[in-house]
Amino acid sequence: MLVLQNIQKTFHLNTPNEQPLFSSFNFSVQEGEFVVVLGSNGSGKSTLLNLIDGQLSVDQGRIVFNDQEITHLPSFIRRQSISRVYQDPSLGTSPQLSIVQNMSLALNKGKPFNLKQGVDHITRERIISTLRELNMGLEDKLDVKVAHLSGGQRQALSLLMAVVSRPKLLLLDEHTAALDPKTSQHMMKLTQDLIQRYKITTLMITHQIQDAIHYGDRCVMLHEGHVVLDVSSQAKQHLQPHDLLDHFHSLSL
């Protein structure tokens, strides 16, 4: 499904601030997997997602997605089959458009269409039915501008918009980090439910060890651009939070 081969990435190359991150880095995700990636700041988590969706280019190496090399494809082409949800709830939606308009954009991702026509041709009933999956009452606020929603509501809408277009790969970039603990847990349960319902291969980065334990099929830990722990689905069933904490602390010594 997704293969990164011998990736090399250095920031500020050939300057006094040169900072190597990935060197001969290899990583893969199988179709249907929900992979959770842990790591401290600077471990390479966000850079990994940026290399996959094309926001950053590799210095060397290959990226193969769905049996097609995408190493040099621009980001907008990759986004036709890859969706991403960011930490900031405002980045996944158009705040000045209404909920129904945002949903129309998502449902027509990759298709040439006029926004007004899109709203006309996609029945409000379909959008209402889709919004009900969130269990947040947004189906009763179709004409409310997204800017007026709470952070949790906006992030839930952003997540739903990311999955309704049926992407081949979903990238979750610490998408619960800006939420309060209660809302964060609701979002994680919603995330798991939507991923299973839409059967989407997913790569999620997080700082939350509990989320890495309870969600996803596979747990990967990055440290200074290296995979230092890769726990399979079967082994993950026996993983405890202190196991990850102990491993993380040993790397910090």
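For the numbers below, each heavy atom of this structure counts, side chains included, while hydrogens, waters and symmetry mates do not. When a residue number appears, it is its place in the shown sequence, counting from 1. Nothing here was measured: the structure is a model prediction, and the numbers come from that model.
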Legend entry - Side chain to side chain, Arg79 and Ser75, heavy atoms closer than 4.5 Å: yes
Inset, instruction - Indicate whether the side chain of Thr47 and that of Asn50 have a donor and an acceptor atom separated by less than 3.5 Å. - result: no
Legend entry - Polar side chain donor-acceptor pair, Glu133 to Tyr198, under 3.5 angstrom: yes
Legend entry - salt_bridge(Arg78, Asp53) N-O dist < 4.0 Å: no
Legend entry - Minimal non-hydrogen separation, Leu38 against Lys45, with atom names: C-CD, 3.6 Å
Legend entry - pair Leu2-Val64: side-chain heavy atoms closer than 4.5 Å: no
Inset, instruction - Flag yes if Val146 and Leu190 sit in one hydrophobic cluster, no otherwise; membership is Ile, Leu, Val, Met, Phe, Trp, Tyr, and two members link when side-chain heavy atoms are under 4.5 Å apart. - result: yes
Inset, instruction - Spell out, yes or no, whether Val37 and Val3 are grouped together once hydrophobic residues are joined by side-chain heavy atoms under 4.5 Å, including indirect joins. - result: no
Legend entry - Nearest-0.5 Å distance that lies between atom NZ in Lys141 and atom CG in Leu131: 11.5 Å
Legend entry - Approximate separation, where rounding is to 0.5 Å, of Asp230 CG and Cys219 SG: 8.5 Å
Legend entry - Donor-acceptor contact below 3.5 Å, side chain Gln153 vs main chain Leu149: no
Inset, instruction - May I ask whether Leu4 and Leu73 are part of the same hydrophobic cluster, defined by side-chain heavy atoms of I, L, V, M, F, W, Y residues being less than 4.5 angstrom apart, directly or through others? - result: yes
Legend entry - Exam field: side chain Asp173 to backbone Val85, donor-acceptor pair closer than 3.5 Å: no
Legend entry - Backbone N/O of Asn6 and side chain of Asn26: donor-acceptor pair under 3.5 Å: yes
Inset, instruction - Just jot down the side chain to side chain contact (heavy atoms under 4.5 Å, CB included) partners of Asp59, sequence neighbours excluded, or say none. - result: Lys9, Thr10
Legend entry - Any donor-acceptor N/O pair, Thr71 side chain to Ile63 backbone, under 3.5 Å: yes
Legend entry - Distance-only side-chain donor-acceptor flag, His175 / Thr191, under 3.5 Å: yes
Inset, instruction - May I ask you to test the Gln192-Met187 pair for a side-chain heavy-atom distance under 4.5 Å? - result: no
Inset, instruction - Find the distance between CD (Glu31) and NZ (Lys199) and round it off to the nearest 0.5 Å. - result: 12.0 Å
Inset, instruction - Using a 4.5 Å cut-off on heavy atoms from C-beta on, say whether the side chain of Thr130 contacts that of Leu160. - result: yes
Inset, instruction - Please check if Leu48 and Phe11 belong to a single hydrophobic cluster, counting links between Ile, Leu, Val, Met, Phe, Trp and Tyr side chain heavy atoms closer than 4.5 Å. - result: yes
Inset, instruction - Could you grab the distance from atom CD1 of Ile70 to atom CZ of Arg62, nearest 0.5 Å is fine? - result: 11.0 Å
Legend entry - Check against side chain to side chain contact (heavy atoms under 4.5 Å, CB included), Phe65 and Ile52: CA-CA 9 Å; Phe65 175 62; Ile52 292 169; over 6 Å; no
Inset, instruction - Return yes if some donor-acceptor pair links the side-chain N/O of Glu224 with the main-chain N/O of Gly44 below 3.5 Å, else return no. - result: no
Inset, instruction - Check Leu49, Leu170, Val36 against Leu203 for a side-chain contact (heavy atoms from CB on, under 4.5 Å) and give me the one that passes. - result: Leu49
Legend entry - Least distance between heavy atoms, Gly61 atom then Val58 atom: O-CG2, 4.0 Å
Inset, instruction - Salt-bridge test for Arg124 and Asp143: reply yes if a basic N is under 4.0 Å from a carboxylate O, no otherwise. - result: yes
Inset, instruction - Flag yes if more than 12 heavy atoms outside Glu69 fall under 6.0 Å of its CD atom; otherwise flag no. - result: yes
Inset, instruction - Please step through side chain to side chain donor-acceptor pair (under 3.5 Å) for the pair Thr15 and Asn17, ending with a clear verdict. - result: CA-CA 5 Å; Thr15 74; Asn17 296 319; 4.9 Å; no
Inset, instruction - Determine whether Leu105 and Leu91 fall in the same hydrophobic cluster, where Ile, Leu, Val, Met, Phe, Trp and Tyr are linked whenever their side-chain heavy atoms lie under 4.5 Å apart. - result: no
Inset, instruction - Tell me, please, which residues at least two apart from Asn66 pass side chain to side chain contact (heavy atoms under 4.5 Å, CB included). - result: Met1, Lys168
Legend entry - Intermediate values then yes/no, side chain to side chain contact (heavy atoms under 4.5 Å, CB included), Leu107 and Arg126: CA-CA 10 Å; Leu107 289 167; Arg126 181 184 177 190; 3.7 Å; yes
Inset, instruction - Provide the closest heavy-atom pair for Ser104 versus Ile127 in the form atom of the first, atom of the second, distance. - result: OG-CD1, 3.9 Å
Inset, instruction - Find out whether Val35 and Met204 are in side-chain contact, i.e. whether some heavy atom of one side chain is under 4.5 Å from a heavy atom of the other. - result: no
Inset, instruction - Carefully, step by step, assess Thr201 and Phe34 under the rule side chain to side chain contact (heavy atoms under 4.5 Å, CB included). - result: CA-CA 6 Å; Thr201 305; Phe34 179 1; over 6 Å; no
Legend entry - Reported OG-to-CD distance for the pair Ser184 and Gln208, which is rounded to 0.5 angstrom: 6.0 Å
Inset, instruction - Side-chain contact test, heavy atoms from C-beta onward, threshold under 4.5 Å: evaluate it for Ser81 versus Leu169 and give yes or no. - result: no
Inset, instruction - Please answer whether the main-chain N or O of Ser98 pairs with a side-chain N or O of Gln101 as donor and acceptor at a distance below 3.5 Å. - result: yes
Inset, instruction - Check whether NZ of the Lys or CZ of the Arg Arg218 lies under 6.0 Å from the centre of the six-membered ring of Phe27 and within 45 degrees of that ring's axis. - result: yes
Legend entry - Heavy-atom closest contact (His186 atom, Leu134 atom, distance): NE2-O, 3.7 Å
Legend entry - Closest approach of Gly92 to Met161 (non-hydrogen atoms, all atoms of both residues): O-CE, 3.9 Å
Legend entry - Spacing of Arg166 atom CZ and Ile200 atom CD1 [to the nearest 0.5 Å]: 7.5 Å
Inset, instruction - Please examine the side chains of Ser90 and Arg154, heavy atoms only from C-beta on, and report whether any two atoms are closer than 4.5 Å. - result: yes
Legend entry - Test side chain to side chain contact (heavy atoms under 4.5 Å, CB included) applied to Thr202 and Leu172, step by step: CA-CA 8 Å; Thr202 302; Leu172 302 175; 3.8 Å; yes
Inset, instruction - Output yes when Arg197 and Asp193 qualify as a salt bridge under the 4.0 Å nitrogen-oxygen rule, no when they do not. - result: yes
Legend entry - Gly42 versus Leu21, closest heavy-atom pair with distance: O-CD1, 3.7 Å
Inset, instruction - Evaluate the side-chain proximity of Phe22 to Leu51: yes if any heavy-atom separation is below 4.5 Å, no if none is. - result: yes
